[in-house]
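Some notes on the structure that comes next.
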2 protein chains.
Amino acid sequence: MATLRDLSRRLGLSVTQVSRALNGHADVAEATRARVLAEARRLGYQPNAAARRLATGRSGMLGLVLPGPPRMEEDSLFVQIVAALSQHLARLGRLFVLHIADPDEPQTEVYRRLIGGGAIDGFVLLEPQLRDPRVAFLRAEGVPFVVHGRIEPPHDYPFYDIDNRAVARRLTGMLIAAGHRRVAFLNGPARNTYAVSRRAGWREALEDAGIEPEPALHRFGAMSAGAGLVAAVDFWGPRGLWPTGVVCGSTRIAMGLLEGIRALGLSVPEDVSVVVHDDELPGLRPALFDPPLTATRSPLADGWPHLARLLVAAVDGEPAERLQVEGHVVTDERGSVAPPRPAPPGTV
Amino acid sequence: MATLRDLSRRLGLSVTQVSRALNGHADVAEATRARVLAEARRLGYQPNAAARRLATGRSGMLGLVLPGPPRMEEDSLFVQIVAALSQHLARLGRLFVLHIADPDEPQTEVYRRLIGGGAIDGFVLLEPQLRDPRVAFLRAEGVPFVVHGRIEPPHDYPFYDIDNRAVARRLTGMLIAAGHRRVAFLNGPARNTYAVSRRAGWREALEDAGIEPEPALHRFGAMSAGAGLVAAVDFWGPRGLWPTGVVCGSTRIAMGLLEGIRALGLSVPEDVSVVVHDDELPGLRPALFDPPLTATRSPLADGWPHLARLLVAAVDGEPAERLQVEGHVVTDERGSVAPPRPAPPGTV
DNA sequence: CTAGTATTCCAAAACGTTTCGGATGGGTGG
DNA sequence: CCACCCATCCGAAACGTTTTGGAATACTAG
């Protein structure tokens with residue numbers, strides 16, 4: 001493998017100048033730079049990553065840490081993320097390190113090990129939580145990171161996110177506009193920040209319409225078909241609360257909900273109106289549901305290129321304020337919303 | 001971050017001795033080593049990966065390169081591989097680098113870039129092919145690698161593999177033993193070495209029974225349900241070859257094959273006997289097919305820990321002969337094999 | 001002609017580790 | 001007492017890059 005010294009000898013230049021020529025510094029004559037570049041190409045020169053890293057303190061490696069092996073139903077999404085990050089980082093000249101943590105080891109220990117040896121320059125953080133310990137740790141250590149989503153203020157870090165409160169407001173608002181007053185919300189896990197924002201949005205939409213939000217109609221829970229099915233049985237079973245409209249935080253929840261609604265002999269949108277936020281999860285398209293579901297839509301996939309770009313910029317020292325991207329959300333009307341039908345006698 | 005120098009100053013030792021103490025060299029007094037270890041722990045010392053790498057030439061990073069984003073039906077398998085490699089390598093103190101190559105860039109260029117800067121010590125090679133260009137390149141460059149499967153002899157490299165010829169012999173043999181003479185084989189892609197070995201096994205089993213292998217009954221093709229379905233229509237359609245028994249190289253092929261057989265109004269095992277090799281692909285269990293399929297079984301997942309271990313050993317200079325593992329294959333009899341029924345009149 | 005300013009270059013230090021070639025001192029066998 | 005060996009230690013070089021602080025040259029303004 002050719003080194004800078006080899007080049008410098010062949011060219012009759014100092015190692016310094018060769019380095020500066022290759023790195024595009026200003027104080028090297030254009031003619032010299034051309035000679036250096038030509039010779040470097042000829043010899044197939046590639047800078048030694050270790051040496052560069054020792055000198056600069058940067059490794060050029062960016063990491064994603066998962067708390068454990070993904071659950072089966074998340075497989076396709078996981079592949080999407082990993083493939084996208086790897087590809088986009090490669091395009092930016094970085095390497096992608098994937099680390100599946102041992103579920104027993106404390107999260108921050110894992111990060112400590114990875115940054116300790118200077119192996120990894122920065123991290124992508126998925127599924128941020130309120131008072132996220134990873135964020136606290138990386139902040140304290142001064143290690144760059146980019147968040148997919150947002151944590152609580154101050155927002156002094158790079159992120160890609162959508163306006164989750166607005167999403168929930170819009171979905172809830174569509175049902176209210178159709179005349180619904182008992183609007184339930186099947187939300188994600190309470191520990192995730194986006195779920196908290198969405199609850200706020202649901203509340204606001206109701207309050208704006210002069211409706212008192214009924215706590216029992218809001219549910220934190222898993223983003224799974226199971227959660228939707230259970231909710232259906234619970235809402236419209238013997239002692240149910242009979243909401244007339246339901247906002248689903250995920251197409252997976254909606255899938256289970258629709259199954260439950262069908263099983264109970266009800267139908268959408270005649271008996272219940274359903275709307276959903278569509279992340280464009282692989283293989284789950286609200287347009288292909290029966291009936292097709294009205295939805296707000298912002299593909300998760302939109303975020304991956306941004307995350308790669310933002311993280312690289314953050315490692316390069318760009319200030320966080322310029323590294324905050326909010327994704328677009330569009331609305332797809334599909335006819336799963338109709339005016340409410342009065343609740344059957346004998347229910348609240 | 002504490003360095004060796006910090007430790008040496010605190011302990012009144014030379015940097016040399018501290019380094020040797022931590023790395024378990026022989027010429028350091030036990031008492032000294034204990035002191036060093038204690039102090040290292042106290043300061044939370046972690047060796048700087050870049051410096052070590054610069055000195056030793058090894059980076060501690062091991063890579064997997066995929067030629068492009070995985071296809072959807074392979075997602076779960078891909079997750080399994082990636083998660084397992086990451087976890088097992090982490091346990092061995094190495095980092096796992098996943099690189100999704102740009103499909104346009106020539107494979108060897110990708111590897112050249114990755115090893116060029118000394119970024120990656122060695123690679124896991126999946127889906128080896130005959131005269132695999134990656135193998136040729138890595139061999140020429142002297143970069144360690146481990147192969148999942150085998151390439152053509154000489155076998156002077158580390159691998160984990162099963163005896164694919166024996167698998168095909170066993171499956172074909174089971175059908176022959178039940179009285180079948182027209183035994184078809186739905187194989188994997190011709191470019192993959194395992195498919196070539198399996199074809200040899202199929203041939204041998206037939207020849208051992210004094211049956212002339214009929215080339216039209218063997219098919220290279222994708223490991224997909226589609227391939228199985230097409231084969232079914234082709235075998236038992238209007239101008240079909242009417243094999244009485246079929247060996248499937250994968251449960252995915254078998255899935256399509258069974259669907260086709262059913263669609264043609266035939267049934268297993270009355271009209272056709274079917275056996276399959278079961279890799280334990282996620283979500284595909286021959287025991288749950290209708291009817292349950294007789295199979296040879298060796299979980300792909302068995303291989304991942306070996307691959308991690310073998311690669312690490314290879315990078316550490318262990319000779320290849322000791323780094324060759326052959327996985328076990330068991331047979332599951334499930335009753336999808338019956339004696340053949342005579343071909344309908346008018347067919348070959 | 002002089003002082004000042006760009007432009008282009010370079011020697012040497014620094015990054016933190018491993019390793020090579022000894023040095024030191026105590027013990028052993030003669 | 002000498003020669004030798006063993007156990008334990010150390011200084012210095014090496015890995016290949018970036019960066020610092022200036023040096024040398026040519027040009028410009030006065």
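A note on names: the letters A, B, ... follow the listed sequences, proteins ahead of strands, and every chain is numbered from 1. In this text the structure is predicted, and so the values were computed from the model without any measurement.
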Pairs under 3.5 Å (N/O, protein and nucleotides 18-21 of chain D):
from   : atom 1 : to      : atom 2 : distance (Å)
D:dT18 : OP1    : A:Asn23 : ND2    : 3.0
D:dT18 : OP1    : A:Arg52 : NE     : 3.1
D:dT18 : OP1    : A:Arg52 : NH2    : 3.1
D:dT18 : OP2    : A:Ser19 : OG     : 2.5
D:dT18 : OP2    : A:Asn23 : ND2    : 3.3
D:dT19 : O4     : A:Thr16 : OG1    : 3.3

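- Annotation: side-chain contact (heavy atoms from CB on, under 4.5 Å) contacts of A:Gln324 (sequence neighbours excluded): A:His155, A:Phe159.
- Close approach of DNA chain C to chain A, defined as any atom under 4.0 Å from a non-hydrogen atom of the protein, starts and stops at C:dT8 to C:dG16.
- With axes fitted over five pairs at each extremity, the angle between the ends of the helix from C:dC1-D:dG30 to C:dG30-D:dC1 is 50° (10° resolution).
- In terms of the side-chain hydrogen bond (donor to acceptor under 3.5 Å, both in side chains) criterion, residue partners of B:Glu105 (sequence neighbours excluded) are, by chain and number, B:Arg113.
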In residues 60-69 of chain B, what donor-acceptor pairs under 3.5 Å come from side-chain atoms, sequence neighbours left out?
none

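- Sorted by residue number, the members of residues 29-39 of chain B with any non-hydrogen atom under 4.0 Å from DNA chain D read B:Ala29, B:Thr32.
- With sequence neighbours excluded, no residue satisfies side-chain contact (heavy atoms from CB on, under 4.5 Å) with B:Ala55.
- Residues forming a side-chain contact (heavy atoms from CB on, under 4.5 Å) with B:Ala50 (at least two apart in sequence, or on another chain): A:Arg53, A:Leu54, B:Asn48.
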Under 3.5 Å donor-acceptor pairs involving side-chain atoms of residues 141-152 of chain A, not counting sequence neighbours:
from     : atom 1 : to       : atom 2 : distance (Å)
A:Arg150 : NE     : A:Asp161 : OD2    : 2.8
A:Arg150 : NH1    : A:Glu326 : OE2    : 3.4
A:Arg150 : NH2    : A:Asp161 : OD2    : 3.4
A:Arg150 : NH2    : A:Ile162 : O      : 3.2
A:Arg150 : NH2    : A:Glu326 : OE2    : 2.9
A:Glu152 : OE1    : A:Arg131 : N      : 3.1
A:Glu152 : OE2    : A:Arg131 : N      : 3.4

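- Considering only residues two or more places apart in sequence or on other chains, A:Asp27 meets the side-chain hydrogen bond (donor to acceptor under 3.5 Å, both in side chains) condition with A:Arg20.
- Using a 4.0 Å heavy-atom distance criterion, A:Gly12 is classed as a sugar-phosphate-only contact.
- The side-chain contact (heavy atoms from CB on, under 4.5 Å) test applied to B:Arg58 returns B:Thr56, B:Asp121, B:Val315, B:Asp316, not counting sequence neighbours.
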